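What follows is one structure encoded as structure tokens, with my remarks underneath.
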Amino acid sequence: MIAGRAVRVRFAPSPTGSLHIGGAKTALFNWLFAHGEARRQGLTGTFILRVEDTDRNRLVPGAEEGLRDALRWLGLIWDEGPDVGGPAEPYRQSERTETYLAAAEDLIAGGHAYRCYCTRDRLERVRTEQQARGEAPGYDRHCRALPPEERAAQEAAGLPSVVRFATPRDGETVVRDMIRGPITYQNVNLEDLVLLKSDGYPTYHLANVVDDHEMDISHIMRGDEWIPTAPVHTLLYAALGWEMPAIAHLPLILAPGGGKLSKRHGSTAVEEFRTQGYLPEALLNYLALLGWSFDASTELFPPERLLESFTLARVSPSPATFDYAKLRWFNQQYINHVISVDDLAGRVLPFLSGAGLVPDGPADASHPAFGQVRELSALLKDRLETLADAPEHMRFFLVDELDPYDPALLVPKKVEPLDALAALEAAGTALAGADLADEAGTEVKMRALADELGLKAGQLFMAIRVATTGRTQSPGLFATLRAIGPERVGERMARAVDALRRHGDEVVGADD
RNA sequence: GCCCCUAUAGUCUAGCGGCCCAGGACGUCACCCUUUCAAGGUGAAGAUCGCGGGUUCGAAUCCCGCUGGGGGUACCA
């Protein structure tokens, strides 16, 4: 499948913002190809991070750092890159400008490129005229055939210029995409793309070709949106006399309503998913299955399993719609069934401290509240879809005093407020004398009490649940009571009795 | 407009000529379990395999056209 040589792939984002979920997917597939598929075949598989910062206008300070943080959080660790270095340094394009310049000069010398002195105004004018005439917009190659003396005059005038690729005017170019097979282009339809901008920085077209060659990239795996420029890149390799890496265009992620995924639909940045309590494993798993499948039924692929299973051959060519609901399901699967309770507790801690429910501290077993949070994690893991759900679910265990009760909730359906009051008083007394650590024993006692009071067990349990948690939903009542602890259970039962005594009359007739 | 990619249920997908009047998953609905909420279990609804032509004894699977969706058309990547 893979040619028998070292596999070197790269993820090449530009530092113009945070890591987009689509970029994360591209990075993931590159990483899986190098660290998974290639290495499984006994080849060296190298995953390279290259920063494409050639657009000086769109540069965002700190973006590169953010990109790296996001990749690291996902566990997509690169072997070579701007921070770790490597045999092909530097890995930041802004630090490689001489290389591009040299390549551009080579191309000009070989007749494959030319300097273009057209102003933006002229380009603009040409475009509008073309459109008015119903022609395809594009550069009219005005400077391609400039007479030598005119060219010399432009040079002498010291006007700013760009370098354009002299695209062959006839013939056809075939791009052999590993996922979709050959794609044939008529060269007439191809443009004389700008290679070097007037500020001296290269465009993507030049930089990516030069760098992929210099960095000995074996396989280009990039987003689908690059397909239209692939023939020009192919021609560039030929003009430079270089062998082109194998190439694959990965399917794009679409928004639920169609089109590009944007803020309007929900989160799009990896960082947002992180703060919303998604696990990197779940995000990776979901992303992997957006365009790749292993067989007809396997869904759960933790990172190690992805590395064992991924093959480029099973990547689909068609774009896929992002489904937030399914991502949530994956996240829940990991929280509920995949990661350990200790692991979960560690991951939940930052969210709890963020909500002020536990002190700040290390997100591991050395945190002073770890023991308690671990216990709560075991109790609640089946109920968490995201880590960010934890504060809400764990709040009543961690806080000293509950918010004021809604007295109506303390009165079970079809029970008179006065009877409910009596029941709560009796339950409070019984619980005070019970060993809450003995969940089964407590349950036996409470069931007996319900009988005595002429209530269904569920009715009594709900009243106690509301009294001790302030909510109508909780884990199993007796595990909950145990986790709350005898002291707080006692206080809360007393407060509930008090609340019902003071407001009970307001509840009369309100429950049916 | 032009160039290109793509097309199985609302969504992600399996399928690479007969095993498919199409399998799995999310979502939806019902039931079971049950002290609530979850989790779990069982089941149901949901696809004339976008449409129309071919090829073939036989097509979701191969070919052509159309249509829908998407991308590109910058001195942005």
Side-chain angles (χ1 to χ4, degrees), chain A residues 12-16 52-55 57-58 116 118-120 123-124 127 130-131 133-139 160-164 175 177 179-180 183-186 188-191 193-205 207-208 222-231 249 251-252 254 256 258-260 286 289-300 314 316-330 332 336-337 380-385 393 443 446-447 450 456-462 464-466 469 471-478 480:
Chain A
S14 43
T16 53
E52 310 223 326
D53 56 350
T54 55
D55 185 339
N57 301 315
R58 292 202 310 151
C116 168
C118 294
T119 62
R120 288 170 200 269
L123 296 177
E124 184 71 23
R127 232 188 315 269
Q130 285 167 329
Q131 271 157 354
R133 274 180 269 129
E135 290 172 16
Y139 180 56
S161 65
V162 301
V163 174
R164 283 181 185 274
V175 175
D177 187 286
I179 294 172
R180 357 179 164 244
I183 307 171
T184 305
Y185 290 84
Q186 298 306 315
V188 237
N189 294 322
L190 270 24
E191 292 209 59
L193 293 180
V194 170
L195 262 24
L196 210 58
K197 299 181 264 189
S198 55
D199 65 1
Y201 283 91
T203 59
Y204 171 81
H205 311 297
N208 110 85
R222 58 185 2 177
D224 195 317
E225 73 270 25
W226 291 109
I227 292 181
T229 58
H249 291 93
L252 244 34
L254 262 34
K260 278 185 175 168
Y286 176 64
L289 257 18
L290 223 49
W292 171 80
S293 64
F294 178 69
D295 58 18
S297 57
T298 318
E299 299 273 338
L300 216 58
R314 290 193 62 89
S316 135
S318 57
T321 307
F322 196 86
D323 182 355
Y324 288 92
K326 191 154 187 181
L327 204 216
R328 286 186 81 80
W329 178 80
F330 270 110
Q332 187 190 57
N336 294 189
H337 307 300
L380 285 155
K381 69 183 181 67
D382 284 350
R383 275 152 261 250
L384 302 181
E385 274 193 323
H393 280 91
E443 177 167 356
M446 290 301 116
R447 282 187 186 279
K456 284 188 186 167
Q459 292 177 309
L460 210 220
F461 291 1
M462 184 52 86
I464 298 173
R465 172 175 291 111
V466 172
T469 70
R471 304 164 44 111
T472 54
Q473 301 166 0
S474 79
L477 181 61
F478 302 100
T480 298

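Letters A, B, ... are given to chains in the order of the sequence lines, protein chains preceding strands, and every chain is numbered from 1. Quick caveat: nothing in here was measured; it's all calculated off a predicted structure.
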- Are OP1 or OP2 of rA77(B) and a side-chain N or O of T16(A) less than 4.0 angstrom apart? no
- Should S318(A) be listed as having a side-chain N or O under 4.0 Å from OP1 or OP2 of rC5(B)? no
- Cationic N near anionic O, under 4.0 Å, D55(A) to R58(A): yes
- Message: Quick test of your reading of the model: are R447(A) and E443(A) salt-bridged, counting only N-O distances below 4.0 Å?
- Response: yes
- From CZ of R133(A) across to C1' of rC2(B) the rounded distance in Å is 15 Å
- Message: From C-beta outward on S297(A), which listed nucleotide comes closest to its side chain: rG24(B), rC5(B), rA77(B)?
- Response: rG24(B)
- Item | Which nucleotide in rC4(B), rC26(B), rA14(B) has an atom nearest any side-chain atom of K326(A) | rC26(B)
- Looking at every strand, decide which applies to P15(A) at a 4.0 Å heavy-atom threshold: base, sugar-phosphate, or nothing. nothing
- Task: Spell out protein contact along nucleotides 28-47 of chain B as letters: B when the base is contacted, S when just the sugar-phosphate is, - when no protein heavy atom is under 4.0 Å; keep the 5' to 3' order.
- Result: -------BBBBSS-------
- Exercise: identify the closest heavy-atom pair between Y185(A) and P228(A): OH-CA, 4.1 Å
- Task: Rounded to whole angstrom, note down the P distance from rU28(B) over to rA74(B).
- Result: 44 Å
- Same-atom distance (C1') from rG10(B) to rG52(B), integer angstrom: 26 Å
- Item | Any-strand Watson-Crick or G-U partner of rG10(B), both distances under 3.5 Å | rC26(B)
Please list each protein N or O that sits under 3.5 Å from an N or O in nucleotides 69-75 of chain B, with the distance.
{"unit_1": "rU73(B)", "atom_1": "O2'", "unit_2": "E191(A)", "atom_2": "OE2", "d": "3.3"}
{"unit_1": "rC75(B)", "atom_1": "O2'", "unit_2": "R120(A)", "atom_2": "NH2", "d": "3.4"}
{"unit_1": "rC75(B)", "atom_1": "O2", "unit_2": "S198(A)", "atom_2": "N", "d": "2.8"}
{"unit_1": "rC75(B)", "atom_1": "O2", "unit_2": "S198(A)", "atom_2": "OG", "d": "2.7"}
{"unit_1": "rC75(B)", "atom_1": "N3", "unit_2": "S198(A)", "atom_2": "OG", "d": "3.0"}

